[in-house]
Trainee: 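Pasting a structure here, questions to come.
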Amino acid sequence: MKLTFRWYGEKDAIPLGYIKQIPNMSGVVTAVYGTPVGEVWEKEKIQKLKAMCDAQGLEMQVIESVPVHEDIKLGKPTRDALIANYARTIYNLGEAGVKCICYNFMPVFDWLRTDLKKKADDGSTSLSYRHETLMKLDVKNLHLPGWDESYTAEEISGLIEEYGKITHDKLFDNLVYFLKEIMPACDATGINMAIHPDDPPWDMFGLPRIITGAESYDKMIEAVPDKHNGFTFCTGSLGAERSNDLPAIAGKYAERIYFAHIRQLKYDNETDFTEAGHLTGAGNLDIYAIVKALVKGGFDGYVRPDHGRNIWGEDGKPGYGLYDRALGACYLNGLFEAIEKE
Ligand code: DNO
């Protein structure tokens, strides 16, 4: 495995030099920010980002995310031009040595939480999700600091209306159409596409969500067998759905999992959860069994510690501070080393 760390570009409060000091850190997971969704990422911008990473001895082999335009998800006539732009971005990223692109196919909203600073008894804070609270929120005014994009209230209303006609099957067909069109760019550059599961993995505000568990993985591989069509295995997203057997999914698809986001969850009840750092002992997911299944299944991809808590007085970007993610990285180093040497 290659250990990586998410870095939000120049505006990130965490200096690349600090990331480099985390033991065994191979590189960062980042993105070109500020280019409107649907437009081509210019070579110059990509190269500038890469030069910053190079200067600190960090690789830039994983991008999270190249966002997918809503017209592609909606299957609108404008999609072909937008997909051609996406393919151009893939070529430009390939030239810069990128090997893996993380993306998602969630309509309108990316990940959803209701509390960004839930306090634990030890004084640390973390992200949490309360289904009832979310349902009462103003759907037109949702923003999260870690999202790659967000829309105005007006745009959201329009989009929700348009999605009214889109069933789960239709959304899936649109995903397959998109993937088939970009596979030639992936074959030419060697870039692996790694879809991120829906977070949490169930429908939201009447909007369909389709990457929710093992069945979705089967369907995707069957529809687009090309090896460059693969997954970002996110334990926290898939783990929110209690019926997902994470070690089983990790083991079965290990060779198609190009990127793993690893973090812990503590279930509060059937739908609600609080994020809990990374250790198995801190929550409900068996992180040890998951990593073991990945390693034994032949996983050879990128790993990053996912959302951390805010600890030691840090007031970091929710989920993306330095300290707890660095602790998570060290824990993952130990787990992988022990299991790989077994
Ligand atoms: C949240 C992240 C997601 C992820 C995108 C991938 O912390 O895991 O925002 O980056 O869904 O496209």
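For ligands, and for the atoms within them, numbers begin at 1 and follow the listed sequence. For reference, positions follow the sequence shown, starting with 1. Computed from a predicted model, the values in this text were never measured in an experiment.
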Trainee: Could you list which atoms of ligand 1 come closer than 4.0 Å to a heavy atom of Asn104?
Mentor: 5 (C), 6 (C), 11 (O), 12 (O)

Trainee: What are the atoms of ligand 1, with element, lying closer than 4.0 Å to any heavy atom of Glu64?
Mentor: 2 (C), 4 (C), 8 (O), 10 (O)

Trainee: State the atoms of ligand 1, each with its element, that fall below the 4.0 Å cut-off from a heavy-atom position in Tyr320.
Mentor: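 Checking each atom against Tyr320, I get 1 (C), 2 (C), 7 (O), 8 (O).
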
Trainee: Parallel, tilted or perpendicular: which describes the rings of Phe336 and Phe299, with under 30° parallel and over 60° perpendicular?
Mentor: tilted

Trainee: Is it the case that the ring center of Phe259 lies less than 6.0 angstrom away from the ring center of Phe233?
Mentor: no

Trainee: Out of all atoms in ligand 1, which are within 4.0 Å of some heavy atom of Tyr103? Include the element for each.
Mentor: 12 (O)

Trainee: Side chains of Arg6 and Tyr320: any donor to acceptor distance under 3.5 Å?
Mentor: yes

Trainee: At a 4.0 Å threshold, what atoms of ligand 1 neighbour a non-hydrogen atom of His307?
Mentor: 1 (C), 7 (O)

Trainee: Is the ring centre of His196 less than 6.0 Å from the ring centre of His261?
Mentor: yes

Trainee: Nearest non-hydrogen atom to atom 5 (C) of ligand 1 belongs to which of Asp110, Ile195, Ile63, Ile101?
Mentor: Asp110

Trainee: Record the part of Arg6 in heavy-atom contact with ligand 1 below 4.0 Å; permitted values are side chain, backbone, both and neither.
Mentor: side chain

Trainee: List every atom of ligand 1 that sits less than 4.0 Å from any heavy atom of Cys102, numbering the atoms from 1 in the order shown and giving each element.
Mentor: 6 (C)

Trainee: Centres of the Tyr129 and Phe273 rings: under 6.0 Å?
Mentor: yes

Trainee: Decide whether an N or O pair under 3.5 Å exists between Ser65 and ligand 1.
Mentor: yes

Trainee: Are Tyr86 and Phe178 near enough that their ring centres are under 6.0 Å apart?
Mentor: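 Yes, the ring centres sit under 6.0 Å apart.
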
Trainee: Within ligand 1, which atoms have a heavy atom of Met106 less than 4.0 Å away?
Mentor: 11 (O)

Trainee: For a side-chain hydrogen bond (donor to acceptor under 3.5 Å, both in side chains) check, start with the C-alpha distance between Asp203 and His168, then their side-chain angles and the critical distance, and finish with the verdict.
Mentor: CA-CA 10 Å; Asp203 291 359; His168 292 83; 2.9 Å; yes

